[in-house]
Amino acid sequence: MPELPEVETIRRHLAPRVEGRVLRELEVMDARWCSPLAAHEVASAVEGRRVDALTRRGKYLIWELHDDVHLMMHLRMTGTLLLDPAEPPRHRRVRAAFDDGQQLYFDDPRRFGTGELALGSDALDEFFAGRLGVEPFSPEFTSAHLYALTRARRAPIKAFLLDQRRIAGVGNIYADEALFRAGIHPLRPAGRLTRSQVAALRDGVLASLEAGLDAKGASIDDFRDPDGVQGSFQDRFLIHLREGEQCLVCGRPVRKLRVAGRGTYVCERCQPRPRGTRAAAALRGGAQVAQAT
DNA sequence: CGCCCTGTTGGGGA
DNA sequence: ATCCCCAACAGGGC
């Protein structure tokens with residue numbers, strides 16, 4: 001569930017409750033979470049330090065601790081943070097205790113979530129330099145910048161959007177939504193988009209991410225609640241994430257493809273199929289690029 | 001009931 | 001540069 005908007009929403013809820021507190025204890029129950037570092041290495045690096053700030057880069061949540069110690073958390077697909085839950089969550093991987101008595105659990109059934117450590121801001125910058133590109137909610141994310149990034153890229157535009165090294169934080173469902181809003185087919189080669197299409201895509205990326213921000217939910221405790229954040233932000237989506245549903249704009253049934261190894265939903269009237277490209281040939285042939293499910 | 005497929009992610013290897 | 005597979009688990013379809 002956690003993509004950039006959800007991570008940002010979690011951060012906004014959590015920051016006022018943890019900033020300035022001292023992280024007394026970090027109990028790592030799953031050694032895989034911080035591998036290859038040992039659990040006790042991570043714990044001893046962060047314990048006793050004050051939380052200077054809780055920030056975010058892409059889909060990473062960053063605990064900026066005293067003396068330039070940084071703990072980068074990634075929730076991957078099923079990770080959740082729960083503050084002072086009524087009872088410890090079933091799939092808890094990490095528990096943090098603060099000096100004011102608050103307990104924060106990292107719950108993650110699938111155990112994909114990760115925790116990494118950066119000692120010093122140089123190490124932090126280096127960590128992200130190789131992984132993350134431009135931050136969508138930043139002044140640098142202009143259509144001119146995006147246009148330059150896409151040039152000479154032959155990969156499908158959806159694969160481009162999902163590549164965190166180009167734009168940080170666009171996940172699968174947000175990529176679909178952005179492309180739908182921009183009227184661009186996910187299989188269009190990135191480098192062949194026109195300037196105006198790129199401009200529409202830039203706006204679509206921002207609009208789709210904003211649609212997921214601050215969706216309902218008074219506390220971070222209800223991120224799993226079907227009536228909470230999840231239902232709420234999906235109501236703000238225009239593209240249906242289910243095959244056969246009617247497009248909200250034109251009524252045509254939504255089609256499901258597989259692009260960049262991910263389920264991909266598209267309205268082929270609002271998002272015209274590419275013509276005269278390898279992608280188009282693959283679509284016609286129904287090869288592995290596009291398969292109905 | 002069991003088997004198979006899927007999935008809001010990212011990294012490593014081919 | 002790109003694609004495929006994998007990590008580990010839950011839930012749904014058959």
Side-chain angles (χ1 to χ4, degrees), chain A residues 1-10 29-36 56-61 72-81 89-93 106-116 127-128 130-133 149-180 186-187 189-191 205 208-209 211-213 215 223-226 228-237 239-244 256-265 278-279 282 287-293:
Chain A
M1 167 204 334
E3 297 215 30
L4 187 152
E6 291 76 44
V7 175
E8 177 61 18
T9 303
I10 289 173
M29 294 118 169
D30 180 6
R32 192 174 341 211
W33 178 74
C34 55
S35 168
R56 178 192 59 77
R57 261 291 264 139
K59 302 173 197 172
Y60 287 86
L61 194 63
M72 296 86 76
M73 293 181 45
H74 198 300
L75 276 41
R76 295 288 186 108
M77 292 177 75
T78 52
T80 317
L81 288 174
R90 177 152 168 231
H91 303 287
R92 56 187 180 278
R93 301 288 169 232
F106 177 60
D107 189 56
D108 185 13
R110 225 164 141 182
R111 294 203 277 164
F112 284 176
T114 56
E116 306 193 55
F127 179 84
F128 288 125
R131 279 166 234 258
L132 297 183
L149 287 178
T150 55
R151 290 311 92 180
R153 293 272 88 83
R154 269 181 266 196
I157 185 59
K158 172 150 181 187
F160 174 92
L161 288 174
L162 291 177
D163 187 342
Q164 303 297 299
R165 293 167 304 182
R166 306 222 160 85
I167 307 172
V170 180
N172 193 41
I173 62 176
Y174 290 90
D176 280 2
E177 179 70 7
L179 289 166
F180 177 75
L187 286 173
V205 167
S208 70
L209 292 176
L213 276 181
F223 262 70
R224 282 270 162 83
D225 185 345
V229 171
Q230 192 172 357
S232 173
F233 83 70
Q234 291 197 352
D235 289 345
R236 303 184 197 181
F237 266 42
I239 184 74
H240 285 290
L241 299 175
R242 192 178 295 179
E243 187 173 29
K256 182 176 184 182
L257 313 175
R258 184 162 289 270
V259 180
R262 304 282 188 246
T264 299
Y265 298 88
R278 287 208 314 255
Q288 58 274 54
V289 177
Q291 94 193 9
T293 307

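Proteins come first, then strands; the chains are lettered A, B, ... in the order of their sequence lines, and each starts at number 1.
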Nearest whole angstrom, please: distance from the P of dC3(C) to the CG of Leu162(A).
12 Å

Do any side-chain nitrogens or oxygens of Arg90(A) fall under 4.0 Å of OP1 or OP2 in dC9(C)?
no

Given dA7(C), is OP1 or OP2 found less than 4.0 Å from the side-chain N or O atoms of Arg76(A)?
no

Nearest to side-chain heavy atoms of Arg111(A), which nucleotide of dG10(B), dC9(C), dT6(B):
dC9(C)

Tell me whether the side-chain N/O atoms of Arg165(A) come closer than 4.0 Å to OP1 or OP2 in dA1(C).
no

Heavy-atom side-chain proximity of Thr80(A) to Leu75(A) below 4.5 angstrom
no

Between Arg262(A) (CZ) and dC5(C) (C1'), how many Å, whole number?
11 Å

Describe the nucleic acid contact of Gly171(A) in one word from base, sugar-phosphate, nothing, applying a heavy-atom distance below 4.0 Å.
sugar-phosphate

Should the ring pair Phe106(A) and Trp33(A) be called parallel, tilted or perpendicular, given that the plane angle runs from 0 to 90° and is split at 30 and 60?
tilted

Tyr60(A) has an atom OH; how far is it from atom P of dG10(B), in whole Å?
7 Å

Ring stacking, Phe112(A) with base of dG10(B), under 5.5 Å and under 30°?
no

CZ of Arg76(A) to CD of Glu3(A): how many Å apart, nearest 0.5 Å?
13.0 Å

Just so I know, are the side chains of Phe127(A) and Leu132(A) near enough to count as touching, which here means a heavy-atom distance under 4.5 Å?
no

Can a side chain N or O of Lys158(A) be found less than 4.0 Å away from OP1 or OP2 on dT2(C)?
no

Quick check on dG10(B): is either OP1 or OP2 less than 4.0 Å from any side-chain nitrogen or oxygen of His74(A)?
yes

